[in-house]
There are 2 protein chains.
Amino acid sequence: MGTALNALKMLEYFSSSQPEIGLSHIARLAGLNKATALRHLRALEEFGLIEQNPQTKSYAIGPAALRLAALREIAKPGLDGARQKMQAAMHEVGESLHLTLLEKDTLQTALVVETTQHSVRVSLDPSEIIPVNATASGLCMLSFGPAFLLERLESDTLTRFTDATMTDPKIIRDRVAQIGQAGWANSNGSFEDGVFGYAAPIFGIDQIAIGTIAIAVPEIRATSARQPLILTSLHTLSKELTANFGGQTPETFPTEFHP
Amino acid sequence: MGTALNALKMLEYFSSSQPEIGLSHIARLAGLNKATALRHLRALEEFGLIEQNPQTKSYAIGPAALRLAALREIAKPGLDGARQKMQAAMHEVGESLHLTLLEKDTLQTALVVETTQHSVRVSLDPSEIIPVNATASGLCMLSFGPAFLLERLESDTLTRFTDATMTDPKIIRDRVAQIGQAGWANSNGSFEDGVFGYAAPIFGIDQIAIGTIAIAVPEIRATSARQPLILTSLHTLSKELTANFGGQTPETFPTEFHP
DNA sequence: CGTTAGTGGTTCATTAAATGAACCGCGTTA
DNA sequence: TAACGCGGTTCATTTAATGAACCACTAACG
């Protein structure tokens with residue numbers, strides 16, 4: 001059931017490490033008969049989503065992908081799609097959310113969705129640069145983002161914001177390793193007193209984080225009873241936003257978040 | 001014949017002017033039964049190439065397009081694909097080709113493929129900025145490119161390169177209108193004596209030219225007998241390169257070029 | 001030099017999946 | 001109230017997808 005879908009699923013086997021695949025190979029990968037694999041490829045090729053190298057006879061993603069991506073950007077300019085998903089989650093959890101993206105080499109707030117359900121809520125300055133050592137987003141980015149962030153940890157001056165702020169690179173690295181296992185990060189008042197943060201990565205095409213999605217909870221509401229709700233919301237957001245920005249979640253990433 | 005292809009063809013109906021389409025509407029556009037249209041949309045949606053707006057229930061291009069485009073860029077970085085197509089055409093026609101792209105507001109040579117078949121051939125300096133009034137590429141760009149190029153024609157100083165160079169904006173505008181009808185432009189020694197140029201547009205997603213592909217022929221070989229070959233090559237290149245860069249050829253564009 | 005194992009691609013009887021007319025429930029408009 | 005259009009569903013009918021066996025070709029190997 002779903003011929004079209006089966007055809008499309010063949011596209012999943014192309015990756016940055018394997019941008020060109022031969023007929024027999026992709027048939028084996030997809031568990032399809034060569035004949036059907038070929039017919040699917042031909043259909044995709046006619047549409048332009050697949051292209052055959054006339055020399056090697058092997059197949060690669062075609063130019064139609066570019067056209068569709070351009071259309072996508074017109075229909076949903078990235079952040080708009082993210083905002084909608086964040087707003088939906090905000091209604092579920094009843095807390096403020098913020099989306100941070102890695103711009104060049106700093107982590108910046110791209111979008112803030114504030115809850116309307118509580119008068120006591122966490123507000124965040126959208127122009128602030130996010131310190132990697134003091135926020136859940138920052139720690140998350142150290143775990144799942146590009147390696148240079150971790151590497152320059154020692155050479156950076158790590159500001160102490162509160163008593164809970166970590167400034168020792170060794171301790172931070174330990175924490176980062178834990179987060180890499182769990183899939184999510186938290187910060188309990190290490191940036192601002194009374195603010196608990198929960199963050200999860202948003203992955204790019206190469207399965208390296210391009211940003212994070214975070215839920216900020218005032219300490220009074222940060223009870224262990226509310227954690228499961230927050231963590232499941234965080235997990236679905238991580239996956240949805242990764243998809244929204246055209247990224248790919250690594251297979252090793254946890255399928256759910258545990259406290 | 002080709003369920004997958006029929007499903008994919010539904011994507012063709014999304015455009016910048018119509019980025020969201022409802023079920024009944026798209027079924028009508030594609031000439032499909034609502035039931036089959038829905039099943040196709042569901043398949044595309046599961047893959048992520050289509051997304052349904054939960055409020056309006058209408059459909060739009062999904063985030064998977066971004067992922068595929070990113071993969072495409074890794075596999076075939078734009079110009080590489082263009083070079084291959086140009087080389088194939090070069091072998092067919094036996095003349096030098098050059099690809100020019102509109103960078104910001106100037107027309108620049110992006111790629112040159114020189115023929116190896118003749119010792120007398122046209123060479124082009126890749127760093128040169130292409131004058132719009134003197135080259136086939138320039139005239140082509142005036143016809144099919146963004147409007148501002150034509151609008152600033154009067155305010156620009158138009159250099160006279162040879163006796164055949166057009167410098168009167170009025171005459172140029174007439175010529176541009178002709179080219180708009182024909183689909184291709186030529187320049188007979190208006191940039192350099194003894195060089196005949198033939199050019200056709202490369203369109204972007206919005207059906208406005210983002211560049212041109214040109215064939216440069218030494219006057220001695222620019223016989224009327226060779227024109228048909230050159231023009232058909234030019235036409236297929238125009239379409240192929242438009243596709244290569246993820247663009248879309250307007251429906252009003254000629255299906256073949258006539259001398 | 002023949003054998004083997006791999007490739008990309010084709011054929012055609014069999015089978016499974018795509019199809020579409022009619023239908024439902026719902027919200028708008030007349 | 002009635003008529004229309006919408007998104008979505010159902011199920012008998014038909015059409016198109018499927019896959020085992022096959023061909024032609026290339027590369028490696030003894």
Side-chain angles (χ1 to χ4, degrees), chain A residues 1-15 17-64 71 75-76 81 84-85 88, chain B residues 1-15 17-64 71 75-76 81 84-85 88:
Chain A
M1 27 142 157
T3 314
L5 187 58
N6 284 330
L8 286 170
K9 278 186 177 163
M10 301 188 70
L11 295 170
E12 304 272 44
Y13 299 98
F14 294 91
S15 65
S17 58
Q18 202 168 35
E20 288 208 352
I21 314 183
L23 171 61
S24 297
H25 190 187
I26 200 168
R28 238 175 296 125
L29 283 173
L32 294 172
N33 186 289
K34 263 199 305 180
T36 78
L38 181 62
R39 255 175 292 107
H40 285 169
L41 287 170
R42 290 266 166 85
L44 293 169
E45 188 179 17
E46 187 167 340
F47 186 75
L49 268 179
I50 281 273
E51 209 178 44
Q52 188 176 28
N53 185 324
Q55 270 91 53
T56 65
K57 300 276 181 189
S58 55
Y59 300 86
I61 302 290
L71 285 172
K76 298 231 164 167
Q84 284 179 27
K85 291 181 173 58
Chain B
M1 26 135 161
T3 314
L5 186 58
N6 284 330
L8 286 171
K9 278 186 178 162
M10 301 189 69
L11 296 170
E12 303 273 43
Y13 299 97
F14 295 91
S15 65
S17 58
Q18 203 169 34
E20 287 207 353
I21 314 183
L23 172 61
S24 297
H25 190 186
I26 200 169
R28 239 175 294 125
L29 283 172
L32 293 172
N33 186 290
K34 264 197 305 179
T36 77
L38 181 63
R39 255 174 294 108
H40 285 170
L41 287 170
R42 290 264 167 84
L44 294 169
E45 188 179 18
E46 186 166 341
F47 187 74
L49 269 179
I50 281 274
E51 209 177 43
Q52 187 176 28
N53 185 323
Q55 270 92 53
T56 66
K57 299 276 181 189
S58 54
Y59 299 86
I61 301 291
L71 284 172
K76 297 230 164 171
Q84 284 178 27
K85 290 179 174 60

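All values reported here derive from a predicted model rather than from experimental measurement. Residue numbers start from 1 in every chain, and the chains themselves are labelled A, B, ... in the order their sequence lines are given, proteins ahead of strands.
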Under 4.0 Å between a side-chain N/O of [X] and OP1 or OP2 of [N], yes or no?
| X | N | result |
| --- | --- | --- |
| H40(A) | dA17(D) | no |
| Y59(B) | dG8(D) | yes |
| R42(B) | dA18(C) | no |
| T3(A) | dA17(C) | no |
| R39(B) | dA18(C) | no |

In Å, rounded to the nearest 0.5 Å, how long is the span from [atom1] of [X] to [atom2] of [Y]?
| X | Y | atom1 | atom2 | value |
| --- | --- | --- | --- | --- |
| R42(A) | Q52(A) | CZ | CD | 7.0 Å |
| L49(B) | M10(B) | CG | CE | 12.5 Å |
| L71(B) | E12(A) | CG | CD | 9.5 Å |

What is the distance, rounded to the nearest whole Å, between atom [atom1] of [X] and atom [atom2] of [N]?
| X | N | atom1 | atom2 | answer |
| --- | --- | --- | --- | --- |
| M10(A) | dT18(D) | CE | P | 11 Å |
| L38(A) | dT7(C) | CG | C1' | 13 Å |
| I50(B) | dG7(D) | CD1 | P | 13 Å |
| L41(B) | dG7(D) | CG | P | 10 Å |
| Q52(A) | dT7(C) | CD | P | 15 Å |
| K9(A) | dA17(D) | NZ | P | 18 Å |

On a heavy-atom basis, which atom in [X] and which in [Y] lie closest, and how many Å separate them?
| X | Y | result |
| --- | --- | --- |
| Y59(B) | I50(B) | CD2-CG2, 3.7 Å |
| A60(B) | A75(A) | CB-CB, 4.3 Å |
| S24(B) | K34(B) | OG-CD, 3.6 Å |
| A37(A) | A27(A) | CB-CB, 3.8 Å |

Strand-adjacent residues in residues 18-35 of chain B, judged by heavy atoms under 4.0 Å from DNA chain C: N33(B), A35(B)
